[in-house]
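Below, read A as the first sequence line, B as the second, and so on, with proteins coming before strands; counting in each chain starts at 1.
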Amino acid sequence: MLNLKFIQENPELVIAKLKKKNFDASSIVQQIKQLSGKKNEIQNKADQCKAEMNKISKEIGLLMREGKTTEAETAKTRTAELKDSIKQLDDDFARIDQEVFNFQVLLPNLPSDLVPEGRTPEDNMIVKSHGTIPVLPENSIPHWELAKKYDIIDFELGVKITGAGFPVYKGKGARIQRALINFFLDEARASGYLEIQPPLMVNEDSAFGTGQLPDKEGQMYHATEDNLYMIPTSEVPVTNIYRDVIVEVKELPVKNTAYSACFRREAGSYGKDVRGLNRLHQFDKVEIVQIAHPDNSYELLDEMVAHVASLIAKLELPYRVLRLCGGDMSFTSALTYDFEVFSAAQEKWLEVSSVSNFESFQASRLKLRYRDETTKKPVLAHTLNGSALALPRILAALLENNQTPEGIRVPKVLVPYCGFEMID
RNA sequence: GGAGAGAUGGGUGAGUGGCUGAAACCACCGGUUUGCUAAACCGACGUACGGGUCAUUCUGUACCGGGGGUUCGAAUCCCCCUCUCUCCGCCA
């Protein structure tokens with residue numbers, strides 16, 4: 001969430017910047033300003049009352065010790081009124097504080113100056129294209145048919161065991177999954193990321209910390225008996241490592257990577273977009289996360305984009321990089337690059353990675369800070385994350401783009417990982 | 001699942017009603033000493049939100065797992081909740 005002081009001091013700037021996200025912040029900002037003024041006023045009054053109360057209490061303590069009980073009793077009578085006002089003021093404060101917070105969390109993150117204007121995905125800016133779109137043989141088929149033909153992914157079996165969106169990978173299908181995970185993790189480690197194996201379920205505090213709650217409540221599987229949530233991405237547990245933490249400047253940037261299964265309810269999804277591997281309830285993903293000093297977080301974002309680009313290039317897939325426009329960005333992001341690979345049989349681009357700088361928006365809720373070297377004061381850090389990469393759509397593109405009459409060719413870089421060159 | 005113990009500052013850990021925002025030790029930071037390292041010694045050392053000078057400083061309040069209560073006054077007493085640890089049972 002946005003810093004309260006920042007909103008109070010820069011109301012016009014907040015409103016102007018959020019316009020780019022097609023968000024009219026004027027009334028919220030105005031309410032926040034008004035309420036926080038009132039809040040400060042109440043706090044001042046309450047603090048004064050409490051100061052007096054503390055003073056009297058100390059005096060009573062001294063009188064009691066000296067045995068002056070009658071004086072102590074007189075002093076006590078003075079406190080009753082104070083006590084009432086304090087109670088009243090504290091209640092008012094708590095109420096207004098909550099109101100301010102409720103408004104505060106409605107405001108999305110401010111987009112970076114680099115973010116292009118626009119409302120829809122069509123307005124996203126293509127900043128890079130790489131590779132050539134393959135020309136497939138006559139009778140090419142989409143990945144869900146290939147999966148059946150070579151018996152490597154069984155969607156119906158998943159339906160039997162669990163439900164739609166929980167495919168069963170078999171034989172070379174299972175092995176190529178494992179190969180992709182290992183490949184991605186090794187590449188991340190080579191780029192300086194520390195490998196983490198996080199819990200797949202998180203508690204409520206963690207879900208709040210990265211903003212899954214309350215905003216995306218319905219998107220997570222919720223084990224109500226124990227009040228735990230299945231993670232929708234390893235970003236959640238990995239970023240929450242740093243919840244309520246003050247890191248040393250010399251530790252920055254912190255670079256973590258994690259493989260995990262990801263679970264998403266995808267309530268409201270339907271139609272052809274969910275065909276095959278395009279949208280699943282459970283899928284595998286390797287995530288990269290960085291905690292950065294505000295001075296160089298955008299350099300690190302570029303570095304992460306380059307890392308993801310190299311992964312896709314090594315897999316010999318044609319891809320493009322989009323800088324998302326204001327209207328297509330997520331609530332929490334300041335700047336996002338999406339990666340899309342071309343799925344040749346479906347003849348469409350599939351999103352396989354999203355790399356974002358959240359600046360201090362996530363850190364604010366997480367209370368993730370570093371200690372400034374000159375002032376020695378805690379300052380909110382910047383957080384960044386990206387998928388590197390999500391498996392299903394990568395696999396879909398690999399299967400479709402590499403299909404030949406003899407079988408599906410495995411990219412060279414994966415052969416040592418999976419131990420075969422063809423799926424046949 | 002049964003029984004018990006516990007939750008205090010970056011860490012260990014003292015503290016059963018006022019002199020405790022909190023001992024002591026360790027770590028970190030600054031300094032002295034030193035050929036270098038180490039040791040020793042000295043000093044500083046929480047966070048949040050307010051207020052005044054808004055640069056250094058000064059000041060008020062809150063915070064000892066979370067919430068509520070008793071009291072003039074709570075880390076300390078009472079109630080509820082959460083979590084952790086130990087033992088037993090079960091088990092990969």
| task | Output all residues satisfying side chain to side chain contact (heavy atoms under 4.5 Å, CB included) with A/Pro121, sequence neighbours left out; order by chain, then residue number. | result | A/Asn124, A/Asp328
| request: Run the salt-bridge test on A/Glu303 and A/Lys255 with the 4.0 Å N-O cut-off and return the result as yes or no. | output: yes
| message | Side chains of A/Ser206 and A/Arg243 only: does a donor on one sit below 3.5 Å from an acceptor on the other? | response | yes
| said: When you compare the side chains of A/Tyr298 and A/His382, does any donor N or O come within less than 3.5 Å of an acceptor on the partner? | reply: no
| query | Under a 3.5 Å cutoff on both atom distances, Watson-Crick or G-U, what's the dot-bracket for RNA chain B ([ ] crossing, | other strand)? | reply | ((((((((.[[[..)..(.....]]]..((((.......))))..((((((......)))))).[[[[[..)....]]]]])))))))....
| message | Can you check the distance between B/A24 and B/G30, where both ends of the measurement are the P atom (answer in whole Å)? | response | 22 Å
| A/Arg369 side chain N/O closer than 4.0 Å to the phosphate oxygens (OP1, OP2) of B/G46? | no
| message | Please encode protein proximity along nucleotides 54-80 of chain B as a string of B, S and -, counting only heavy-atom distances under 4.0 Å. | response | ------BSS---------BS-------
| Got a sec, which pairs hit side chain to side chain donor-acceptor pair (under 3.5 Å) with one end in residues 158-171 of chain A, sequence neighbours left out? | A/Asp151-A/Lys170, A/Asp154-A/Lys170
| request: Identify, with sequence neighbours excluded, every residue that meets side chain to side chain contact (heavy atoms under 4.5 Å, CB included) alongside A/Leu13. | output: A/Phe6, A/Asn10, A/Lys17
| note | The side chain to side chain contact (heavy atoms under 4.5 Å, CB included) partners of A/Ala188 (sequence neighbours excluded) come to A/Tyr193, A/Thr257, A/Ile288, A/His307
| task | Nearest whole angstrom, please: distance from the C1' of B/G51 to the CD of A/Gln8. | result | 14 Å
| Nearest-Å distance once atom C1' is located in both B/C88 and B/C26 | 36 Å
| With no hydrogens and no angle check, do the side chains of A/Asn278 and A/Arg275 hold a donor and an acceptor under 3.5 Å apart? | no
